[in-house]
2 protein chains.
Amino acid sequence: MAEQQRILLVDDEPGIVRALGINLKALGYQIEAAADGEDALRKAADHRPDAVILDLGLPGIDGIDVIRGLRGWTSVPIIVLSVREAEREKIAALDAGADDYVTKPFGMGELLARLRAALRRELEPEAEVPVLVTPDFTIDLAVKRVTKGDQEIKLTPTEWGIVEVLVRNQGKLVSQTQLLKEVWGPQYGEETNYLRVFIAQVRRKLEPQPSNPRYFLTEPGMGYRFEIPGSPPTRRSHLGVEMK
Amino acid sequence: MAEQQRILLVDDEPGIVRALGINLKALGYQIEAAADGEDALRKAADHRPDAVILDLGLPGIDGIDVIRGLRGWTSVPIIVLSVREAEREKIAALDAGADDYVTKPFGMGELLARLRAALRRELEPEAEVPVLVTPDFTIDLAVKRVTKGDQEIKLTPTEWGIVEVLVRNQGKLVSQTQLLKEVWGPQYGEETNYLRVFIAQVRRKLEPQPSNPRYFLTEPGMGYRFEIPGSPPTRRSHLGVEMK
DNA sequence: CTCGATCTTGACGATTTCCTAACGGGTCAG
DNA sequence: CTGACCCGTTAGGAAATCGTCAAGATCGAG
């Protein structure tokens, strides 16, 4: 119970980091700090924080991309800090996967309350393996890299988006609209022709035999499914009850 | 697809309710409105919304108490609206169990984005949708997959729709019109010949002896019923999954 | 500005799925 | 027995979906 909760604090302003850090530590949280986007993604993968507090105004990578990068493989709560009041920015951050958006200047008490609210929700640990290995290629969700044999396969952002969503839902059927919404954004849902183009692209790059897909399967009329051949029968030791 | 998500909208200002309601409906949400705290708690219990948008400035019960009332039995996402900028208020609401706090006036886009964020989180818990196992086949509703022995059975969207509705109502009789409406859409109800065709198709794929159905039973003149032979006398737990 | 990479869009056969209509076999009442 | 009714079965053509290709459109880098 007394398990300390880990917070990843991403901000390039030393003042904020110090102030927040002191407060959080005093409250019994364990703090990890990162000063830019790459660092944040790396440390998140290393330390598996229970929550991330992320300043959008970072040098280097765009803050939104950091959110997407995290969301690729983890559902850790993300609270975004920003000086920008612009609504567009808020919506973009939230739709990218942020859980909350706080504009600076903010009250420390409020931020802490929002942090508590976020942590309260995340009771389930959900130990995932962010790296997936198949006989034909390897996908590292945290680092966003695909290797085939020993050489790296380069995917465009959209291609990666598709791979990511399908792999995260491994074995599960993902409907076209769900896939579109998750990769292109919530306002999409009908443009199934995009999918056809990009699925084909992905297969061309990853499938050993693109015209006969073994991993990225089409379920006609329903959606797509990622699956490692030979594993489906082994599913569900979880709570599945056999009645042989 | 695309089950409509239900939103409970609690506010005593008709203007806000109308504006929000129109927007939300246009986006495909199903709206329930309540004007005061008691009403809100009652309607939440009745309709089991997927999210609650709650104005703190209500007549009658204090908004904070509404939050507590809800949190007593549900973890539905609660987004609080308030004119009060006071930090004390925010902290109180968040610590009482609210998921988010938006101060009026707010941008519609932002609120909608926050709503999406809240709904997205709630979607995760993948509520233990049990796998249904029979001696002849296995149906995994979450993953949308049917296996017979060790090989996969491919179902078309309509076939799957029928199986899903019947299995969800396991043991219960589903009338023809109900089945038609649930699978084809609300404007259907008379086209019982569709059913004959697709039920036959399903039986051909799943029943060990299609001409003598053991699972997908016809209730002449009334409708259809899914049932696992040997189980009807005893009361099964929720979805036919048994604790050995 | 040009170039290259990426994403959009439209169009085309090939395939799959759906609708439709017709037939036949049960059951039941008259 | 006969006809009405309901259900199962079958099959062919209509309609939707999918994979594929290739030509714009867009954007950032140089």
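The chains referred to below are lettered A, B, ... by the order of the sequence lines, with proteins before strands, and numbering in each begins at 1. Below, all heavy atoms of this structure are taken into account, side chains as well, without hydrogens, waters or symmetry copies. Quick caveat: nothing in here was measured; it's all calculated off a predicted structure.
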> Using a 4.5 Å cut-off on heavy atoms from C-beta on, say whether the side chain of A:L56 contacts that of A:Y101.
yes
> To the nearest Å, how far apart are B:E191 CD and C:dA21 P?
12 Å
> So, is A:T156 near the phosphate of C:dC7, with a side-chain N or O under 4.0 Å from OP1 or OP2?
yes
> Using a cut-off of 4.0 Å on non-hydrogen atoms, how would the nucleic acid contact of B:W160 be classed: base, sugar-phosphate, or nothing?
nothing
> Whole Å only: how far is the CD atom of B:E190 from the P atom of D:dC6?
12 Å
> For the atom pair CD1 (B:I7) and OH (B:Y29), what is the distance rounded to the nearest 0.5 Å?
6.0 Å
> Would you mind reading off the distance between A:Q187 atom CD and C:dT8 atom C1', rounded to a whole angstrom?
15 Å
> Any carboxylate oxygen within less than 4.0 angstrom of a Lys/Arg side-chain nitrogen, looking at A:R18 and A:D11?
no
> Is it true that A:E164 and A:K144 have a side-chain N and a carboxylate O under 4.0 angstrom from each other?
yes
> Between atom CG of A:L141 and atom OG1 of A:T74, what is the distance when rounded to the nearest 0.5 Å?
11.0 Å
> Distance check needed: D:dC7 P versus B:L217 CG, whole Å only.
14 Å
> Send over the distance from B:F198 CZ to C:dT16 P, rounded to a whole Å.
16 Å
> Look at A:W184 and C:dT8 and indicate whether a side-chain polar atom (N or O) is within less than 4.0 Å of OP1 or OP2.
yes
> Between the protein and nucleotides 17-26 of chain D, list the N/O to N/O atom pairs that are separated by less than 3.5 angstrom.
from: D:dC18; atom 1: OP1; to: A:Q176; atom 2: NE2; distance (Å): 2.7
from: D:dC18; atom 1: OP1; to: A:G221; atom 2: N; distance (Å): 3.2
from: D:dC18; atom 1: OP2; to: A:Q176; atom 2: NE2; distance (Å): 3.4
from: D:dG19; atom 1: OP1; to: A:R203; atom 2: NH2; distance (Å): 2.4
from: D:dG19; atom 1: OP1; to: A:T218; atom 2: OG1; distance (Å): 2.4
from: D:dG19; atom 1: OP2; to: A:Y224; atom 2: OH; distance (Å): 2.9
from: D:dG19; atom 1: N7; to: A:R196; atom 2: NH1; distance (Å): 3.4
from: D:dG19; atom 1: O6; to: A:R196; atom 2: NH1; distance (Å): 2.6

> Establish, with yes or no, whether the OP1 or OP2 oxygen of C:dC18 is under 4.0 angstrom from a side-chain nitrogen or oxygen of B:Y194.
no
> Measuring from atom CZ of A:R214 to atom CD of A:E227, what distance do you get when rounded to the nearest 0.5 angstrom?
10.5 Å
> Whole-Å distance between C:dT6 P and A:Q201 CD?
9 Å
> How long is the line joining NZ of B:K154 and P of C:dT17, in whole Å?
6 Å
> If the threshold is 4.0 Å, N to carboxylate O, is there a salt bridge linking B:E182 and B:R168?
no
